[in-house]
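Hydrogens, waters and symmetry mates play no part in the numbers below; they use all other heavy atoms, side chains included. Each chain gets a letter, A, B and so on, in the order the sequences are listed, and its residues count up from 1.
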Amino acid sequence: MAAPYDLKDDSVVVIIGSGAGGGTLGNELAQKGIDVVILEAGARHEYEEFTNNEWDSFGQLAWVDKRTTSGDWRVARDFPNLPAWIVKSVGGSTTHWAGASLRFQDHEFQALTHYGKVKGASLLDWPITLADLEPYYAKAEDKMGVTRTNGIAGLPGNNNFKVLKAGADKLGYKDCHTGNMAINTAERDGRMSCQQTGFCFQGCKWGAKWSTLYTEIPKGEQTGKLEVRPNSMAQKIEHDKSGKVTGVVYVDKDGKQQLQKARVVAVAGNSIESPRLLLNSATSMFPDGLANSSGQVGRNYMRHTTGSVYGIFEKPVHMYRGTTMAGIIRDEARHDPSRGFVGGYEMETLSLGLPFMAAFLDPGGWGRSFTSALDQYVNMAGLWIVGEDMPQEDNRITLNKNEKDKYGLPIANVNFNDHPNDIAMRDHAYEQGKALYEAVGATRVFPTPPYPSTHNLGTNRMSEKAKDGVVNKFGQSHDVANLFVSDGSQFTTGGAENPTLTIVSLAIRQADYIAKEMSAKTI
Amino acid sequence: MVTIFNRKAATRDAPQPNDKHRLSRRDLLKGGTVGLGAILVISGSSIIHPEFAWGLDTSNLKPETMVTLIQLARDIYPHDHIPDRFYAIAVKPYDAKAGEDAETKKLIEDGIADLDKRAGKGGYIGLGWEDDRLAILRKVEDTPFFQTVRGGLVTGLYNQEEIWPLFGYEGESYSKGGYIARGFSDIEWL
Ligand SMILES: Cc1cc2nc3c(=O)[nH]c(=O)nc-3n(C[C@H](O)[C@H](O)[C@H](O)COP(=O)(O)OP(=O)(O)OC[C@H]3O[C@@H](n4cnc5c(N)ncnc54)[C@H](O)[C@@H]3O)c2cc1C
Ligand code: SF4
């Protein structure tokens, strides 16, 4: 079973993070017979331990180590130390995620070409095309059991979806269905089907929703080639005189510092921790941080243009019953500048339980305007907006000079300002969401501000040229050949789609590349 | 320590001498107690809701402070169908915190004293109309006192499982097999 590797074993690939990117890469490499150690900062909670309780689950799984924020986004005011809602646990944010699994659209890989230069934005084309990624998308969809692919039926629509669909029909939207979800409609891959419990964000206790925790990771462990080390927080990546990385310094479960030697290192700590780790790995040879000769590490932080719209109706909806993200409208995902912005957005149903609704409906709000909304909780339907936001150089992760974590390393600061294109898109989406619910008889609607970021992207971006980004088209550092980035921080631009299917597809593709380069002895 | 105790309603004819918290009707009518809208009654360090049969002890905050805090909690997040008991549970941790931390104690006592001062004679809870109390709250809503109390209520009030049914939220569903056979798609009015 799980192989324990020696700290001095310098033949292993060390992956930092066990989420969508890291967990997938680890299994893919192990399947090819490559020895892998995954260092995961969080604990290992199997799915039986998950809880149908929003705050308890948040306490169990979420990343709550302190971060700071700056910039004009409302999150900096409402949640100054919680810029992102992501996970610190084996499985990473694939424990919390909703399961929406969409391919990017062709033009989104070439955003600069299609949108043209946008003032204030650092748009760039990806060094790959949809055609390059299509075979890997197909593999990822099969691996994750995505509905409406591979002959898998769509999920049945819940009440929240039915309201969305009725509104979509009224507005004349054509592309509305119960989504492409990495959730089992029927038993598949040894996992059971969705029981419509409605706690997808709290970890699926049935295992119906794909998560690396109970798919990729145990499969990799079964090969005897993968060791996952929980409660192991990577602090610094080391290198030799030639500039090759040689190992990872981490704090183990007992709080002791260790050094795991490595032949290859892959960083997959999500888009805040990954750049933080590279920046904290600065040395005299790499004074601005590892892999950062371009100065792009930490920059171009994207979080999707989001927001929610909740509508109140005269009669009950019970939106919290059944899958959290129960359906989608894709008509607005197209690029159509006549709407007043470039790029597009998706509308997806969303539901929060009462405790989270109280925290997120209007953070800081109070009084009867607020409470009379909650009084109608049963009669509420909700949707979430997810659209392409503009990469900007100064939306970035930096090291906070004044605050350190408990091991003495600078914590991350997340600076974010909305681009005018983001605001125009959000306003458009709020109007459409409002019109949609009003068309089915909503008596009141709420344009709800963005939550702390669940989609964190772009801070180690891919680029054709070394000066424009951090990694090449395989996620390999432009500067250091045996250093890879394997999570959403590779994204050159964000697209309108939820990112995880693309993260997983890139990880499968990267595994092929790493295996090839290892056998060619170039790394 | 604050304890919230559910009790049987005190009846006029059956005083319970063994229970020092229990008040007879005569006690309630005696001077020296403060009534909140003639509902919450303070006796010594206890706050008693005689009609709905629950009470609460304070040990670090003044009982009058606790009564006002409960009213403040309701004014911040008013739900007319939610009984006082839940607001009391939401703010009671401040009593324990006040015991551990002098700063918290001062924040709360001073904050409440300030509300009373702004309200004039009769104090904050003496203002009969919610609108009059809100006029005061709008002036203090940016203070650390108000923001602390409001922020604490977001979880202190809404994360009480006992109030979820009052909003129609059904909570945990795994043990019941999810909603697959319990109405996940039962909407009929569309
Ligand atoms: C509530 C919610 C709903 C979502 N819904 C969807 C959805 O429907 N569709 C979709 O596509 N996406 C969704 N997402 C986003 C999705 O979860 C993420 O995009 C995806 O998991 C990111 O993958 P990742 O590999 O970049 O990072 P993660 O999955 O977050 O994994 C990173 C891991 O690295 C670990 N780590 C970080 N730093 C270190 C370190 N220094 N040392 C060791 N370990 C470290 C972390 O603890 C974590 O476990 C959702 C997210 C949330 C929170
Ligand atoms: S609704 Fe389905 S996918 Fe979501 S947690 Fe429940 S069983 Fe899992």
S.K.: Report which part of B:Leu157 has an atom under 4.5 Å of a heavy atom belonging to chain A: side chain, backbone, both, or neither.
M.R.: neither

S.K.: Salt-bridge test for A:Arg368 and B:Glu130: reply yes if a basic N is under 4.0 Å from a carboxylate O, no otherwise.
M.R.: yes

S.K.: Supply the atom-to-atom distance A:Leu350 CG to A:Leu383 CG, rounded to the nearest 0.5 angstrom.
M.R.: 8.5 Å

S.K.: Spell out, as yes or no, whether a donor-acceptor pair under 3.5 Å connects the side chain of A:Asn180 to the backbone of A:Thr147.
M.R.: yes

S.K.: Strictly below 4.0 Å, N to O, side chains only: are A:Arg74 and A:Asp362 in salt-bridge contact?
M.R.: yes

S.K.: Is B:Lys117 atom NZ crowded by more than 12 heavy atoms from other residues, nucleotides or ligands, each under 6.0 Å away?
M.R.: no

S.K.: Among all residues two or more places apart in sequence or in another chain, which pass the side-chain contact (heavy atoms from CB on, under 4.5 Å) test with A:Asn52?
M.R.: A:Phe199, A:Lys205, B:Glu172, B:Ser173, B:Tyr174

S.K.: In terms of heavy-atom pairs under 4.5 Å with chain A, which of B:Gly168, B:Ser175, B:Ala181, B:Gly171 leads?
M.R.: B:Gly168

S.K.: Going by the angle between their ring planes, with limits at 30° and 60°, are B:Tyr158 and A:Phe370 parallel, tilted or perpendicular?
M.R.: perpendicular

S.K.: Would you confirm whether the ring centroid of A:Tyr47 sits within less than 6.0 angstrom of the ring centroid of A:Trp206?
M.R.: no

S.K.: Which atoms of B:Leu190 are under 4.5 Å from chain A, going by heavy atoms: the side chain, the backbone, both sets, or neither?
M.R.: side chain

S.K.: Between B:Glu170, B:His81, B:Glu161, who has the most heavy-atom pairs with chain A when the cutoff is under 4.5 Å?
M.R.: B:Glu170

S.K.: Counting heavy-atom pairs closer than 4.5 Å to chain B, which one of A:Ala326, A:Gly157, A:Pro355 comes out on top?
M.R.: A:Pro355

S.K.: Strictly less than 4.5 Å between heavy atoms, which residues of residues 141-151 of chain B line up against chain A? Please order them by number.
M.R.: B:Glu141, B:Phe146, B:Arg150

S.K.: Are A:His318 and B:Tyr179 close enough that their ring centers fall under 6.0 Å?
M.R.: no

S.K.: Which region of A:Phe50, side chain (C-beta onward) or backbone (N, CA, C, O), has a non-hydrogen atom less than 4.5 Å from a non-hydrogen atom of chain B, or is it both or neither?
M.R.: neither

S.K.: Taking the six-membered ring for Trp, is the centroid-to-centroid distance between A:Trp85 and A:Phe79 below 6.0 Å?
M.R.: no

S.K.: Can you confirm whether the side chains of A:Ser351 and A:Arg321 place a donor and an acceptor under 3.5 Å from each other?
M.R.: no

S.K.: Checking side chain to side chain contact (heavy atoms under 4.5 Å, CB included) between B:Ile125 and each of B:Gln71, B:Arg133, B:Glu64, which is the one that passes?
M.R.: B:Gln71

S.K.: Which region of B:Glu188, side chain (C-beta onward) or backbone (N, CA, C, O), has a non-hydrogen atom less than 4.5 Å from a non-hydrogen atom of chain A, or is it both or neither?
M.R.: neither

S.K.: So, A:Asn158 versus B:Ser185: side-chain donor-acceptor pair below 3.5 Å or not?
M.R.: no

S.K.: Go through the atoms of B:Asp75 and report whether side chain, backbone, both or neither lie under 4.5 Å from a heavy atom of chain A.
M.R.: backbone

S.K.: Anything under 3.5 Å between a donor and an acceptor, one on a side chain of residues 440-448 of chain A, the other on a protein residue two or more places apart or in another chain? List them.
M.R.:
from     : atom 1 : to       : atom 2 : distance (Å)
A:Thr443 : OG1    : A:Ile312 : O      : 3.3
A:Arg444 : NH1    : A:Ser372 : OG     : 2.9
A:Arg444 : NH2    : A:Ser369 : O      : 2.7

S.K.: Test side chain to side chain contact (heavy atoms under 4.5 Å, CB included) on A:Thr215 and A:Thr94; report intermediate values, then the result.
M.R.: CA-CA 11 Å; A:Thr215 58; A:Thr94 66; over 6 Å; no

S.K.: Which one, B:Ile163, B:Leu134, B:Asp80, leads in non-hydrogen pairs under 4.5 Å with chain A?
M.R.: B:Asp80

S.K.: Of all of A:Gly198, A:Ala166, A:Pro156, which one pairs up most often with chain B through heavy atoms under 4.5 Å apart?
M.R.: A:Pro156

S.K.: Among A:Asn379, A:Asp375, A:Val378, which has the most heavy-atom pairs under 4.5 Å with chain B?
M.R.: A:Asp375

S.K.: Which residue out of A:Gly353, A:Ala359, A:Pro363 racks up the most heavy-atom pairs below 4.5 Å with chain B?
M.R.: A:Gly353

S.K.: Heavy atoms under 4.5 Å from chain A: which residues of residues 98-114 of chain B carry them?
M.R.: none

